[in-house]
Structures are given as C-alpha cells and as structure tokens.
Amino acid sequence: MSSPPSGPDYSWQSQHKDYKSAPTYGQPPRQSRAGLIIALIVVFALVGIGAAGILVYRLVSDHLNTTSGTATPATEVAPAAAATQRARQFVAQLNANKSAAAVALSCEDSRQMIPNLIQAVTAPPTRLTLGAPYYQADVIVFPLTGTTKGSTVTGTLVLHQRAPEGLCVSEFQLTAR
C-alpha cells in the first residue's frame, strides 16, 4: 500500500526577510555621537569667546593706563627742552643727508644700529618734522612725519637720558603711509 501523495515541498523557497534592515553580524548598532560633537563645539566656542574677551579687556585697560596716567607731554617736564633740541638736531642731520652727524647724536649702544636704519629708511630728499613729545621716566618719544624716498612717512624718534652720555637718540623708525 502506498501512502497518499504528499503536498508540494516548499522548503526550497527562502524565508521571508526584512530587506530594509542591515544584517547584525553579531554587533549592536553604533549610537549617534552628534550630541557629543555639538556639545564640544559649544564648549570650544565659549572658551574662545571668553579668551577673546579677556584679551580685549587687558588691551583696553593697558591702553587706558598708558594714556591716562604715566605718559605726559614732554612740554610739561623740564628736561624736555634739551630733548627737543637734541631731537631737532638729529632730524636736521637726517634732512641734510648727513648720516654721520646724525649717528654722532645717538646713544653708544645704538651706534651700530642707527646707520643701518638711516640707510634703510631714508634717502634724499628727506623732509621730516617733529611732533609734540611724550616723556616717561628717562625716555622721551617724538612722533615723526614727513617725506623720504619719495613717500610720505610717519614714525617715532626715541631719546634716552643716560648717565654718562646725557640725552641721546636710542632708536627711530619710519613707516611709509
């Protein structure tokens, strides 16, 4: 006797799968770190803004301290007349293209630097004028304006009161506008 025929064999068909999800491969899915990244960006931004604020505060407070209390116009101080005369002599030598005479008015520790500066930043015709000086302790600073090398320039002339030398030019600089 034979047994009744069995129904069709469906084992060859694949099982129903969810094709929308990725296979697990034995590891849990990675969690998103977007929140952590956003939090770090916010923290770094706040630190940067704080550092910039501190820097601006210090610059402004230093500027206010410098301009309001310690530096005074040299016309109010007795040694300023001698400093103004020395500065005028130095500028007159530069304007006359007599660099050796200008160097003779410089401080001894600046005598190697001043000739190089004169050669680098001035050339005939030079027409420099002094502005109102500022005095601080043993330093007197004169603003300079004028022309040299065919350009309009601004700069500073710094004189020091030194014990053996007296008033002497320690440095100067010119910048084309």
Side-chain angles (χ1 to χ4, degrees), residues 37-38 40-177:
I37 292 171
I38 291 171
L40 286 174
I41 290 172
V42 168
V43 167
F44 285 131
L46 290 175
V47 168
I49 291 170
I54 291 170
L55 178 65
V56 168
Y57 172 77
R58 288 183 137 189
L59 289 174
V60 169
S61 66
D62 286 348
H63 177 71
L64 291 176
N65 288 340
T66 302
T67 58
S68 65
T70 56
T72 57
T75 55
E76 300 173 7
V77 181
T84 301
Q85 181 180 1
R86 179 58 54 113
R88 284 184 181 152
Q89 290 172 340
F90 183 81
V91 169
Q93 301 306 328
L94 290 178
N95 289 341
N97 196 30
K98 296 181 179 178
S99 59
V103 170
L105 299 171
S106 65
C107 300
E108 189 164 333
D109 61 348
S110 300
R111 288 206 178 118
Q112 290 182 348
M113 176 184 63
I114 296 289
N116 294 332
L117 284 172
I118 292 171
Q119 184 179 7
V121 299
T122 64
T126 298
R127 304 272 183 268
L128 299 175
T129 58
L130 292 172
Y134 288 88
Y135 177 83
Q136 185 173 2
D138 62 345
V139 179
I140 300 176
V141 180
F142 292 87
L144 293 172
T145 57
T147 59
T148 189
K149 289 188 169 184
S151 299
T152 302
V153 293
T154 59
T156 56
L157 175 65
V158 180
L159 277 72
H160 275 93
Q161 177 70 41
R162 303 265 168 93
E165 300 173 271
L167 279 167
C168 56
V169 175
S170 62
E171 59 187 86
F172 82 100
Q173 63 90 19
L174 294 173
T175 305
R177 285 195 264 177

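Basis for what follows: all heavy atoms, side chains included, without hydrogens, waters or symmetry-related copies.
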Problem set entry | Heavy-atom check, side chain of C107 versus side chain of E165, under 4.5 Å | yes
Exercise. From H160 NE2 over to L167 CG, what is the distance, rounded to the nearest 0.5 angstrom?
Worked result: 10.5 Å
Problem set entry | Polar side-chain atom of K149 near backbone of A176 as donor-acceptor pair, under 3.5 Å | no
Exercise. Considering only heavy atoms from C-beta outward, does the side chain of L128 approach that of V153 to under 4.5 Å?
Worked result: yes
Exercise. How many angstroms lie between atom CD1 of I54 and atom CD1 of I49, to the nearest 0.5 angstrom?
Worked result: 12.5 Å
Exercise. Got F90 and F172 here, is their nearest side-chain heavy-atom distance under 4.5 Å?
Worked result: yes
For this session: Look at the side chain of S170 and the backbone N and O of V158, then say whether any donor-acceptor pair between them is shorter than 3.5 Å.
Result: yes
Problem set entry | Heavy-atom closest contact (T84 atom, P133 atom, distance) | OG1-CG, 4.2 Å
Exercise. Is the shortest heavy-atom distance from the side chain of L117 to the side chain of L174 under 4.5 Å?
Worked result: no
Exercise. Does the side chain of L157 come within less than 4.5 Å of L159's, by heavy atoms?
Worked result: yes
Exercise. Do T129 and L144 have side chains that get closer than 4.5 Å, going by heavy atoms?
Worked result: no
Seminar exercise, completed: Quick note, ring pair (Phe, Tyr, Trp, His ring centres under 6.0 Å) partners involving residues 97-120, not counting sequence neighbours, are none
Problem set entry | Any pair counted as side chain to side chain donor-acceptor pair (under 3.5 Å), so long as it reaches residues 112-127, sequence neighbours left out | T126-T148
Exercise. Looking at CD of Q173 and OG1 of T156, how far apart are the two atoms once the value is rounded to the nearest 0.5 Å?
Worked result: 4.0 Å
Exercise. Is there side-chain contact between L130 and R88, with at least one heavy-atom pair below 4.5 Å?
Worked result: yes
Problem set entry | side chain to side chain donor-acceptor pair (under 3.5 Å): pairs with one or both residues in residues 98-111, sequence neighbours excluded | D109-R162
Seminar exercise, completed: Closest non-hydrogen atoms of F142 and G131, given as atom of the first, atom of the second and distance, are CD2-O, 3.9 Å
